Amino acid sequence: MFTILKKQELAPSVKLFVVQAPLIARKCQPGQFVILRIDENGERIPLTIADFDRAAGTITLIFQEVGHTTRQLGRLSAGDALLDLAGPLGKATHIEKFGTVVCVGGGIGVAPVYPIARAYKEAGNKVISIIGARNADLLILEQEMAAISDVLYITTDDGSKGRKGLVIDPLKEMLAAGEKIDLVMAIGPVIMMKSVAEVTRPYGVHTIVSLNPIMVDGTGMCGGCRVSVGNKNKFACVDGPEFNAHEVDFDGLMARQKMYHSYERREHRCGGDCSCHR
Ligand SMILES: Cc1cc2nc3c(=O)[nH]c(=O)nc-3n(C[C@H](O)[C@H](O)[C@H](O)COP(=O)(O)OP(=O)(O)OC[C@H]3O[C@@H](n4cnc5c(N)ncnc54)[C@H](O)[C@@H]3O)c2cc1C
Ligand code: FES
């Protein structure tokens with residue numbers, strides 16, 4: 001059992017857990033994730049390791065309540081425990097001194113971007129971060145990102161915080177102005193990562209995205225997480241989750257993510273009419 005030591009609400013429907021998991025904390029690196037199961041009736045879901053404390057033996061998970069399991073998770077409190085926690089899984093982010101790295105985080109994607117951006121900074125890169133959300137209430141980790149970034153842009157769809165617009169807007173402007181960018185790392189909704197790839201493609205700027213297909217085992221045994229990258233089938237849980245954005249078939253990924261929509265609704269026993277499904 002893995003005890004939740006701390007619970008914090010970062011935004012409506014976005015929760016942070018600090019979980020006791022000394023073996024995972026000892027080995028994990030930025031970019032890796034865990035697969036958890038709440039109880040014996042639960043499904044296995046992947047969540048990124050948003051932070052870790054090796055000395056304390058803890059990892060931090062940040063999740064958005066989007067369906068049955070994440071809502072059930074959100075109802076747990078400090079002192080409760082998770083039945084299973086497997087990890088660290090996936091390949092760690094390749095960290096080195098590239099020069100100027102732009103880190104783009106959309107919505108809950110800011111959580112996985114944070115440890116990666118921090119590692120780029122610690123490796124001596126100039127880190128320009130762009131974080132965005134639908135509105136100010138949904139923006140997370142602003143202070144944490146500010147602390148490890150040389151420049152931080154904030155965007156909201158409705159203009160309630162920072163610039164009104166999308167996270168790709170500052171990136172477009174930097175590229176159009178001829179700013180030298182050596183690497184772009186983008187994590188967020190698939191449609192956002194696809195847009196970032198289209199923005200950087202004409203400039204030939206190497207762009208990495210962290211993909212979030214449906215996963216089951218997370219150890220390379222089932223192919224549930226397969227994605228087409230460079231016209232080859234890759235298993236995101238073992239070959240990724242990070243890939244060259246210019247080679248990813250984002251439309252195929254989006255289609256596969258929707259495969260179980262009707263089952264997800266049935267599992268929720270609301271018939272899909274509650275606000276969580278709109
Ligand atoms: C490697 C990896 C790391 C992830 N890290 C995080 C994280 O740090 N924080 C976080 O909040 N989420 C993360 N996710 C997404 C998370 O796993 C899903 O939100 C979760 O499985 C949904 O389960 P559910 O039963 O609550 O929702 P469901 O009822 O299964 O689904 C509800 C809605 O969420 C969508 N959804 C389901 N699975 C995913 C998915 N894998 N990615 C995107 N949308 C999905 C469905 O299409 C549906 O519309 C990650 C996914 C992967 C593959
Ligand atoms: S989740 Fe089964 S192979 Fe990746």
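Read the numbers this way: they start at 1 and go in the same order the structure lists the ligands and their atoms. Quick note: residue numbers are just sequence positions, from 1. None of the values given here were measured: they were computed from a predicted structure.
For the ligand labelled ligand 1, residue Glu65 lies outside the 4.0 Å heavy-atom shell. Using a 4.0 Å cutoff on heavy atoms, Pro213 counts as a contact of ligand 1.
Close N/O approach between Gln64 and ligand 1 is found [any backbone or side-chain N/O within under 3.5 Å]. Taking any N or O of Pro241, backbone or side chain, none lies under 3.5 Å from an N or O belonging to ligand 1. Considering both main-chain and side-chain atoms, Gly67 comes within under 3.5 Å of ligand 1 through a nitrogen or oxygen pair.
Between the side chain of Arg201 and the backbone N or O of His246 there is at least one donor-acceptor pair closer than 3.5 Å. Gln64 places no side-chain N or O within 3.5 Å of a backbone atom of Val14 that could act as its donor or acceptor partner.
Here the shortest heavy-atom distance to atom 23 (O) of ligand 1, taken over Asn212, Leu253, Ile45, Val34, belongs to Ile45. With atom 5 (N) of ligand 1 as the reference point, the heavy atom nearest to it among Thr48, Thr70, Val14, Ile35 is part of Thr48. One option in Ile49, Leu47, Thr69 has a heavy atom closer to atom 13 (C) of ligand 1 than any other, and that option is Leu47. Nearest to atom 4 (C) of ligand 1 by heavy-atom distance, out of Pro46, Gly42, Gly240, is Pro46.
Counting heavy-atom neighbours within 6.0 Å of Asn231 CG, excluding the residue itself, gives a total of 12 or less. Around the CZ atom of Arg26, the shell of radius 6.0 Å holds no more than 12 heavy atoms that belong to other residues, nucleotides or ligands. Open room surrounds NZ on Lys161; 12 or fewer heavy atoms of other groups in view lie less than 6.0 Å from it. For Glu96, the CD atom is densely surrounded, since the number of other residues' heavy atoms within 6.0 Å is greater than 12.
Ligand-side atoms of ligand 1 in range of Met215: 1 (C), 53 (C), range being under 4.0 angstrom from any heavy atom. Counting the atoms of ligand 1 from 1 in the order shown, those under 4.0 Å from a heavy atom of Phe63 are 9 (N), 10 (C), 11 (O). Close approach of ligand 1 to Glu43 is summarised as follows: ligand atoms under 4.0 Å from at least one heavy atom of the residue are 25 (O).
Here salt bridge (Lys or Arg N to Asp or Glu O under 4.0 Å) pairs that include residues 44-64, with residues two or more places apart or in two chains, are Asp51-Arg118.
Ordered by chain and number, Asp217 OD1, Cys222 SG make up the set of protein N, O or S atoms under 2.8 Å of atom 2 (Fe) of ligand 2.
The structure places OH of Tyr153 at 12.0 Å from CG of Asp169, a figure rounded to the nearest 0.5 Å. The CG atom of Leu166 lies 6.5 Å from the OG1 atom of Thr155; values are rounded to the nearest 0.5 Å.
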Go through Lys7 and Asp80 one step at a time and tell me if the side chain to side chain contact (heavy atoms under 4.5 Å, CB included) criterion holds.
CA-CA 10 Å; Lys7 177 183 183 182; Asp80 290 336; over 6 Å; no
Walk me through it: do Val196 and Val199 pass the test side chain to side chain contact (heavy atoms under 4.5 Å, CB included)?
CA-CA 5 Å; Val196 170; Val199 168; 5.6 Å; no
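The pair Arg163-Glu173 meets the salt-bridge criterion, since a charged nitrogen lies less than 4.0 angstrom from a carboxylate oxygen.
Only the backbone of Ile62 comes within 4.0 Å of ligand 1, judged by heavy-atom distances.
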